[in-house]
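Each chain gets a letter, A, B and so on, in the order the sequences are listed, and its residues count up from 1.
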There are 2 protein chains.
Amino acid sequence: MSEADATRRPTVYDVAQEAKVSIASVSFAFRRPDKLSDATRERVLEAARRLGYAPSAAARGLAHGRTGTLGLHAFDLLLERADPIAEANPLTGLSRPRLDAGGVIPWNQTDDDVLSDPRAFPLYVDEVQRGFELECWALGRPVMLSSGAGTDVSVADTAGRVDGLAIFPSPQTAPALARYAPTIPIVLFSAAPADDRHHRVRVDNVGGMHALADHLVRAHGIRDVAFVGRMEASDTVERHAGLAAGLADLGVFLRDEVVDATVRGEDDLVPQLRGLIADGRLPQALVCATDQHAFAVLDALAAEGLRAPDDVVVTGFDGTLAARLSSPSLTTVRQPMEAMGRAAARILAGAAGPADRPFDVVFEPRLVVRRSCGCRG
Amino acid sequence: MSEADATRRPTVYDVAQEAKVSIASVSFAFRRPDKLSDATRERVLEAARRLGYAPSAAARGLAHGRTGTLGLHAFDLLLERADPIAEANPLTGLSRPRLDAGGVIPWNQTDDDVLSDPRAFPLYVDEVQRGFELECWALGRPVMLSSGAGTDVSVADTAGRVDGLAIFPSPQTAPALARYAPTIPIVLFSAAPADDRHHRVRVDNVGGMHALADHLVRAHGIRDVAFVGRMEASDTVERHAGLAAGLADLGVFLRDEVVDATVRGEDDLVPQLRGLIADGRLPQALVCATDQHAFAVLDALAAEGLRAPDDVVVTGFDGTLAARLSSPSLTTVRQPMEAMGRAAARILAGAAGPADRPFDVVFEPRLVVRRSCGCRG
DNA sequence: TTGTAAGCGTTATCAG
DNA sequence: CTGATAACGCTTACAA
């Protein structure tokens with residue numbers, strides 16, 4: 001047993017030799033056990049076990065034309081692409097623990113106090129991803145997770161590895177996706193309808209915002225509302241429109257001016273909010289495009305010594321776990337995230353029915369009333 | 001454009017033909033751009049884009065001998081293997097929504113109220129998984145997630161798809177793993193040391209339990225303690241031993257009798273606990289092997305009209321988010337889960353240093369004091 | 001600088 | 001029931 005032989009991954013040839021059969025019999029032993037006599041099958045399986053043979057998925061995928069894997073591509077959201085060579089984690093600034101030093105790695109080298117923040121995990125994408133994973137497991141399909149800038153190459157790389165791809169689209173991914181759509185099925189999460197070949201899984205943003213508008217006006221008598229969000233995402237645009245329409249139905253008008261916030265922090269938000277406060281122009285309610293935005297607003301208000309719901313009503317959208325935990329707890333519109341992830345997996349696996357036409361699955365969201373609107377959450 | 005041509009995934013041959021070059025040039029255009037003239041490279045890339053060409057990872061993996069992917073295998077934990085054909089979700093009993101019916105899928109068909117329980121997500125494995133994913137993304141490596149009974153076939157299938165495999169070991173996976181270890185690097189999470197070829201990432205269970213014992217005795221004067229857990233997992237065994245040793249150091253003895261609990265529920269637990277209560281033999285503290293066990297204990301106590309910490313002190317282990325949210329909030333020992341996941345990914349990717357000897361990375365856990373031990377959390 | 005051709009480890013189609 | 005043998009799509013010497 002030479003060094004090379006010890007570490008090389010055994011192949012059908014090795015097993016065939018060991019079991020004194022042809023490579024076809026080895027393959028059959030795994031894929032079509034019925035086409036082999038009990039004796040040879042056992043002999044092959046035994047030899048395979050002895051050698052530690054694991055069929056190469058690459059070779060099978062090549063021969064068979066499909067990998068069996070379903071993919072989920074998340075573009076870098078909160079995640080700065082870390083420099084893997086750097087000694088320090090760019091997210092936390094702490095240096096990476098040495099893993100080969102022996103002994104116990106002290107707690108203060110693990111960043112855990114920084115990292116265990118529910119505002120960072122689990123987010124909307126994480127809960128959708130979980131649904132996707134659970135359904136894939138139920139379907140017996142491995143899941144391939146990838147991330148990247150959403151550029152051609154990162155999407156192409158993923159597309160080459162899977163039989164179907166679910167993706168949280170960003171403006172940059174659109175052109176790349178259009179190219180691979182004819183080739184593999186693609187599911188877009190939370191993308192506005194369009195005349196393309198992609199499948200869609202999304203929520204009724206307009207309906208959700210209608211429900212919220214209704215609550216704010218009817219239960220809290222609110223008549224002066226501003227929207228907070230970045231108008232890049234189609235989700236945000238829909239939510240803005242839904243809010244405006246919902247308010248209009250009740251004779252309330254939404255302020256034209258949108259408070260612009262980034263997901264990353266309150267950099268843009270603080271000065272804008274501060275301006276409104278200084279001018280005495282703070283509205284009665286700040287309706288935010290996402291929970292993340294709402295947290296940024298809550299923080300910015302606190303920095304000015306103001307609190308929701310006493311000084312201003314604040315609401316979110318998504319219904320993440322963090323919304324339950326924030327202080328005050330956040331009134332929000334919850335998406336059925338796990339169900340959305342599951343739906344995507346079923347579509348890609350062909351378990352949702354024939355895909356002759358693109359699926360456009362729209363889920364109803366649900367208003368979750370808590371403290372930040374003035375209710376007793 | 002025949003039907004077949006429209007949907008077949010384009011290959012190097014198609015691109016070569018389109019760009020009027022050889023297949024080698026196509027390959028070079030992607031892998032070794034420097035070996036091609038600017039003109040041809042551009043021509044190839046343009047043709048590839050036009051055709052929607054995505055290099056097949058299977059073929060590349062086969063030719064190159066490695067897939068580039070890192071794997072994470074989770075055995076079915078809470079997850080009953082669902083029957084994907086069934087109309088109803090076996091976990092919730094609710095029927096699956098039809099995805100092709102059109103219209104908005106009503107909220108009550110999404111199971112979301114059942115599914116959004118922090119006791120079910122994120123758990124220990126989820127936070128470790130997240131760390132693994134984040135580090136893989138930072139390293140530019142796709143992640144392959146799989147799950148299964150931990151039988152030979154499910155592990156072998158995963159092993160055939162990845163360059164390295166991290167795994168939450170169960171008693172059943174051990175023999176299968178031993179077979180593939182020579183072939184690909186394997187990281188075991190939370191496995192007791194042993195003389196095998198696997199890498200290990202774990203916490204100092206004994207140290208964590210020492211800290212807990214210390215707190216219970218010194219801060220709360222506790223002198224009568226029982227351990228709750230299933231003694232199957234090596235983690236549990238270590239924690240039990242650590243607790244016993246920590247208490248003994250302070251002259252306190254741990255009850256011999258272990259309260260046996262399943263993770264799934266309080267089926268076994270309730271009668272045992274009820275027995276102790278009826279006999280007036282409830283200890284001062286119930287130290288549980290995991291947060292999950294502690295929740296089961298809390299529920300069982302509540303069913304008997306008892307509450308922690310007034311009637312009995314209860315503690316957990318892991319430090320999941322749910323421990324923060326439970327009522328009373330749970331005193332526990334937190335593992336640096338994200339750091340552990342990251343460490344595993346770095347080891348498998350070769351970013352942690354040469355792996356001539358197996359890594360055995362031990363992290364320090366941290367005592368988190370909350371209400372359930374009697375402190376003011 | 002570009003093209004030719006030999007693998008890589010399966011699966012599947014034939015004959016035997 | 002078993003064994004040759006030809007794909008599958010890509011990478012990479014090596015040749016031109």
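Contacts of A:Val26 with the nucleic acid, taken as non-hydrogen atoms under 4.0 Å apart, are absent. At a threshold of 4.0 angstrom between heavy atoms, the contacts of A:Phe30 with the nucleic acid are absent. At the heavy-atom level, A:Arg31 lies under 4.0 Å from the strands shown only through sugar-phosphate atoms.
Within the 4.0 Å cut-off from OP1 or OP2 of C:dT1, not a single side-chain nitrogen or oxygen of B:Ser37 is found. In terms of phosphate contacts, A:Ser27 brings no side-chain nitrogen or oxygen within less than 4.0 Å of OP1 or OP2 of C:dT10. Look at A:Thr11 and you won't find any side-chain N or O under 4.0 angstrom from OP1 or OP2 of C:dG9. Residue A:Ser56 places no side-chain N or O under 4.0 Å from the OP1 or OP2 atom of C:dC8. In this structure, A:Tyr53 reaches the C:dT10 phosphate: one of its side-chain N or O atoms is under 4.0 Å from OP1 or OP2.
Taking the side chain of B:Arg60 as heavy atoms from C-beta on, and the options D:dT2, C:dA12, D:dC10, the nearest nucleotide is D:dC10. Ranking D:dC10, D:dT11, C:dT11 by closeness to the A:Ala63 side chain, first place goes to C:dT11. Closest to the side chain of A:Val12, from the set D:dT12, D:dG9, C:dG9, is C:dG9. Closest to the B:Ala59 side chain, of the nucleotides C:dT1, D:dG3, D:dG9, is D:dG9. For A:Phe28, counting side-chain heavy atoms from C-beta on, the closest listed nucleotide (C:dT2, C:dT13, C:dG9) is C:dT13. Closest approach to the A:Ile23 side chain among D:dC1, D:dG3, D:dT5 is made by D:dT5 (side chain taken as heavy atoms from C-beta onward). Distances were taken from every side-chain heavy atom of A:Ser25 (C-beta onward) to each of D:dT2, C:dA12, C:dG3; the shortest belongs to D:dT2. The listed nucleotides are C:dT10, D:dC10, D:dT2; the one nearest the side chain of A:Leu36 is D:dT2.
Atom P of nucleotide D:dA13 and atom NZ of B:Lys35 are separated by 9 Å, given to the nearest angstrom. One atom, CG of B:Asp157, and another, P of C:dT10, lie 13 Å apart when rounded to the nearest Å. Straight-line distance from the OH atom of B:Tyr13 to the P atom of C:dT4: 12 Å, rounded to whole Å. Between A:Arg32 atom CZ and D:dT2 atom P there is a gap of 15 Å when expressed in whole angstrom units. Atom CZ in A:Arg41 sits roughly 10 Å away from atom P in D:dC1 (whole-Å rounding). In this structure, CG of B:Leu62 is placed 17 Å from P of D:dA7, rounded to the nearest angstrom. Counting to the nearest Å, the C1' atom of C:dG9 and the NE2 atom of B:His64 are 16 Å from each other. Atom pair A:Arg161:CZ and D:dC10:C1' shows a separation of 13 Å (rounding to whole Å applied).
A donor-acceptor contact closer than 3.5 angstrom is absent between the side chains of B:Glu338 and B:Gln129. Between the side chains of B:Thr69 and A:Arg161, a donor-acceptor pair is found at a separation under 3.5 Å.
Proximity of a side-chain donor or acceptor of B:Arg197 to a complementary backbone N or O of B:Pro358 within less than 3.5 Å is not detected. Looking only at distances, a side-chain donor or acceptor of B:Arg43 sits under 3.5 Å from a matching main-chain atom of B:Ala19. The backbone N or O of A:Ala74 sits less than 3.5 Å from a side-chain atom of A:Ser147, completing a donor-acceptor pair.
Taking the centre of each ring, B:Tyr53 and B:Phe30 come in below the 6.0 Å mark.
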